[in-house]
S.K.: 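The structure under discussion is supplied below as structure tokens; questions concerning it will follow.
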Amino acid sequence: MVSQLGEIPKHTKDRLFLQIMDKSLRSNLTPIIVIDEAHLLKTDAITDLRLLVSSPLDSSTHLKIILSGQEHLKYILKRDIHADFAQRISVHYHIHPLTKTQTAAYIDFHLKSSGASDKIFDSDVKDLIHEFSAGIPRQINAISTACLINASIRQSQKITQDIFHQALAEIQSF
């Protein structure tokens, strides 16, 4: 992170922290730290993040942190040990699973964005994808991609229930 701010990293956590804060204060930029899979963070890492956002300089710091993770992250941050950090979170957002209609629109959007026809998937297959993915975008992507690969192997222009079931069987075998 310090390297990305154009600095040569110092060799202790305290010095790195000060470098980040100093660079943040001196620049006209707002450093944004995005942590994906934040539900996998260890307690020490969350403590370090708390130190970044709760410095004595924090009224003037421009540093922003975005935590992105699975639902379990919400419960991790509710633990007493993380109370100080959780109190500093200004925005919480939870993405709910997509409805059947939203799932179909989501698949169609991605197909159109890639230049493909939204007619590749039979409508009943879109319903099956919703059912088996529970409306979770990551699962929708995985199943849809497996269907597209299977259709390509079969040289099929249409994703049918047969192709869907084969793709699903391959996904579930892992």
Side-chain angles (χ1 to χ4, degrees), residues 1-114 126 128-146 168 170-174:
M1 185 172 19
V2 172
S3 296
Q4 291 298 313
L5 291 171
E7 301 284 325
I8 298 171
K10 305 265 176 154
H11 290 291
T12 66
K13 197 183 293 186
D14 299 2
R15 287 181 172 176
L16 287 170
F17 168 74
L18 291 173
Q19 277 186 282
I20 293 167
M21 297 312 296
D22 183 53
K23 183 67 175 188
S24 174
L25 290 170
R26 286 188 290 122
S27 72
N28 289 331
L29 303 173
T30 301
I32 300 174
I33 301 168
V34 179
I35 301 173
D36 193 14
E37 304 288 349
H39 58 280
L40 300 175
L41 288 173
K42 302 285 185 220
T43 297
D44 290 346
I46 295 173
T47 300
D48 291 343
L49 291 173
R50 181 183 57 79
L51 293 173
L52 279 174
V53 296
S54 65
S55 78
L57 308 172
D58 94 342
S59 63
S60 58
T61 187
H62 301 284
L63 178 70
K64 305 295 180 205
I65 298 174
I66 299 173
L67 299 177
S68 172
Q70 294 179 11
E71 190 167 1
H72 184 63
L73 176 61
K74 181 169 46 175
Y75 301 107
I76 291 170
L77 294 175
K78 285 183 180 180
R79 294 175 45 201
D80 288 342
I81 194 167
H82 302 307
D84 289 342
F85 181 66
Q87 291 167 1
R88 288 172 172 80
I89 297 173
S90 57
V91 177
H92 299 260
Y93 190 77
H94 175 77
I95 298 174
H96 297 282
L98 303 179
T99 64
K100 188 183 290 189
T101 303
Q102 290 171 327
T103 297
Y106 179 80
I107 292 168
D108 292 346
F109 171 79
H110 284 285
L111 288 169
K112 286 179 186 175
S113 295
S114 68
K126 292 176 189 175
L128 288 169
I129 290 172
H130 173 75
E131 181 182 329
F132 282 90
S133 69
I136 298 169
R138 184 179 297 186
Q139 295 300 319
I140 295 168
N141 294 343
I143 296 169
S144 298
T145 300
L168 189 63
E170 289 173 8
I171 289 172
Q172 292 176 334
S173 70
F174 286 106

S.K.: Considering non-hydrogen atoms only, spot the tightest contact between Gln70 and His39 and give its length.
M.R.: N-ND1, 3.0 Å
S.K.: Grab the two heavy atoms, one from Ala134 and one from Pro97, that are nearest each other, plus how far apart they are.
M.R.: O-CB, 3.2 Å
S.K.: To the nearest 0.5 Å, what is the distance between CG on Leu40 and CD1 on Ile35?
M.R.: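 Going from CG on Leu40 over to CD1 on Ile35, the span is 11.5 Å.
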S.K.: When rounded to the nearest 0.5 angstrom, what is the spacing between OG1 in Thr103 and CD in Glu131?
M.R.: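 If I round to the nearest 0.5 Å, the distance is 11.5 Å.
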S.K.: Measure the OG1-OH distance between Thr99 and Tyr106 for me, rounded to the nearest 0.5 Å.
M.R.: 13.5 Å
S.K.: Closest heavy-atom contact between His82 and Thr43?
M.R.: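 It is CE1-CG2, 3.7 Å.
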S.K.: Which pair of heavy atoms, one from Ile171 and one from Ala146, lies closest together, and at what distance?
M.R.: CD1-CB, 3.6 Å
S.K.: Measuring centre to centre across the rings, with the benzene-like ring taken for any Trp, is His96 within less than 6.0 Å of His94?
M.R.: yes
S.K.: Would you indicate whether Lys100, at its atom NZ, is surrounded by more than 12 heavy atoms from other residues, nucleotides or ligands within a distance under 6.0 Å?
M.R.: no
S.K.: Quick one: CD1 on Ile89 to CG on Leu49, what's the gap to the nearest 0.5 Å?
M.R.: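 Separation between the atoms: 9.5 Å.
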S.K.: Which heavy atom of Ser144 sits nearest to which heavy atom of Ile129, and what is that distance?
M.R.: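 Closest heavy-atom pair between Ser144 and Ile129: OG-CD1, 3.7 Å.
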S.K.: Is Arg79 reaching over with its side chain to a backbone N or O of Tyr75, donor-acceptor style, under 3.5 angstrom?
M.R.: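 No, because the side chain of Arg79 does not come within donor-acceptor range (under 3.5 Å) of the backbone of Tyr75.
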S.K.: Can you list the steps and then say if Ile76 with Leu41 is a side-chain contact (heavy atoms from CB on, under 4.5 Å)?
M.R.: CA-CA 9 Å; Ile76 291 170; Leu41 288 173; over 6 Å; no
S.K.: Rounded to the nearest 0.5 Å, what's the gap from CG on Asp48 to NZ on Lys42? Could you check?
M.R.: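 One gets 14.0 Å once the value is rounded to the nearest 0.5 Å.
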S.K.: Are Leu67 and Leu77 packed together at the side-chain level, in the sense that at least one heavy-atom pair is separated by less than 4.5 angstrom?
M.R.: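 Yes, their side chains come closer than 4.5 Å.
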S.K.: Other residues, nucleotides and ligands only: do more than 12 of their heavy atoms fall within 6.0 Å of CG on Asp80?
M.R.: no
S.K.: Give me the atom names and distance for the closest heavy-atom approach of Lys126 to Ile107.
M.R.: CG-CD1, 4.1 Å
